There are 2 protein chains.
Amino acid sequence: MAKTITERADILPALAEVFRAHGYEGATLALLSEASGLGKGSLYHFFPGGKEQMCAEVLAEIDSWFETNIFQPLLKGEDPEEAIAAMIGAAERYFKSGRRVCLVGVVALGAARDAFAEPVRAYFKRWADALASALRRCGLSAATARRRAEDAMLVIQGALVIARGLDDPKVFSRAMADLKGRLLADLASAAPA
Amino acid sequence: MAKTITERADILPALAEVFRAHGYEGATLALLSEASGLGKGSLYHFFPGGKEQMCAEVLAEIDSWFETNIFQPLLKGEDPEEAIAAMIGAAERYFKSGRRVCLVGVVALGAARDAFAEPVRAYFKRWADALASALRRCGLSAATARRRAEDAMLVIQGALVIARGLDDPKVFSRAMADLKGRLLADLASAAPA
DNA sequence: GTCTATAAAGCGATAGAC
DNA sequence: GTCTATCGCTTTATAGAC
């Protein structure tokens, strides 16, 4: 029996894709309505705060996904080296091998950043901290780990921009493969088995 | 005597800042009018094609600036190593040490990319090719030069995203300093004096 | 919970006076 | 070349029927 109650969990991914593809300003209620399959009235029933609330909840869900699938394994995984490799794989899949951009990055570059400064900052910081933690647990010094982690953030975001700019998703996949190699090479020299 | 003819050269930089700060969709004619100091009527006198023409001409002017100040020195400079160092310095200044984002990157991530796919693609490709050319002239192999150049593009764009996301321009300056060191280290090992 | 209808404001773009 | 006034449309958001 089909349930009449629409779940937030079913709506948010559809809204997320609109924000990703069109940016905050470009994501109109008409597009959000079409993508979610809900009329504007229904959208306002779920999100009385309108577009801003929709974007905020989308960002929160993204953060939650990364927390579970990427940050926690990096922070708590038994094998940090394996967690790093898994992070690369998860990012490859999440960003659809460079064919999907990062909403947090899109928001960060736009005028809407001011309205979402906290979640945007937290996302990048938490990811970098989690990766640095894993690198430390592999034997790198705190300073080196932090530097390598920040570097990895740059590469991932930059690869998404360039892949879109050159219309060549392979740029992203190649950058992720290189990044993996570089991070693991660091470990090999820091803590040779 | 003040000239009554408004020069395109005076308008375009003002329009550019609006597109940079708000993205293509977020750059409204009201904002463009305010920033340029011209009424909407005047803007349409200069740009009959409206917003799309304004953005196209802004992108063309940006491309022209990079061609003169960055690409040509990399391609034709007598000392390629110095040209690379100069490129880093010019980028630092152009992006105001990370406080200004790259319009081409912003457009690349948004829905407007399809309308400006060619200039966006050309900008990144030409920059990467020019840098690769300089690296080759320093003694690196074609394959290594291309790889290092593409990597540099990622780092620059990524650093702009992360600097904005973390609201910390120093991330950009640090990334540029590291990039410079890495590129020059490559040269030292490839062509020791 | 979902919809249509509609309000009020803002949008890109045009016309025409000066 | 610049402006104001305005058009037609889209926008966000609300009201109210079902």
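Remember, it's a predicted structure, so these values are computed and weren't measured experimentally. Atoms considered below: every heavy atom in the structure, side chains included; atoms not considered: hydrogens, waters and symmetry mates. Each chain gets a letter, A, B and so on, in the order its sequence line appears, and its residues count up from 1.
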Trainee: Check whether Phe172(A) forms a cation-pi arrangement with Arg164(A) (NZ or CZ under 6.0 Å from the six-membered ring centre, at most 45° off the ring normal).
Mentor: no
Trainee: Quick one: side-chain contact (heavy atoms from CB on, under 4.5 Å) partners of Tyr44(A), sequence neighbours excluded?
Mentor: Leu29(A)
Trainee: Before accepting this row, confirm whether a basic side-chain N of the pair Glu150(B)/Arg174(A) lies closer than 4.0 Å to the acidic partner's carboxylate O.
Mentor: yes
Trainee: Determine which pairs satisfy salt bridge (charged side-chain N to carboxylate O under 4.0 Å, His left out) with at least one residue from residues 111-124 of chain A, sequence neighbours left out, and list them in order.
Mentor: Arg113(A)-Asp167(B), Glu118(A)-Arg121(A)
Trainee: Nearest-Å distance, CD1 (Ile11(B)) to C1' (dG1(D))?
Mentor: 10 Å
Trainee: Report the residues that fulfil side-chain hydrogen bond (donor to acceptor under 3.5 Å, both in side chains) with Thr144(A), sequence neighbours left out, ordered by chain and then residue number.
Mentor: Ser141(A)
Trainee: In whole Å, what is the span from the NZ atom of Lys51(A) to the P atom of dG10(C)?
Mentor: 14 Å
Trainee: Among residues 40-49 of chain A, which contact DNA chain C at a heavy-atom distance under 4.0 Å?
Mentor: Gly41(A), Ser42(A), His45(A), Phe46(A)
Trainee: Can you say whether the rings of Phe71(B) and Phe66(B) are parallel (under 30°), tilted (30 to 60°) or perpendicular (over 60°)?
Mentor: tilted
Trainee: Please name all residues satisfying side-chain hydrogen bond (donor to acceptor under 3.5 Å, both in side chains) with Arg182(B), sequence neighbours left out, ordered by chain then number.
Mentor: none
Trainee: Using a strict heavy-atom distance below 4.0 Å, which residues from residues 18-34 of chain B are in contact with DNA chain C?
Mentor: Ala27(B), Thr28(B), Leu29(B)
Trainee: Please determine, by modelled atom types, if Glu67(B) and Gln72(B) share a side-chain donor-acceptor pair under 3.5 angstrom.
Mentor: yes
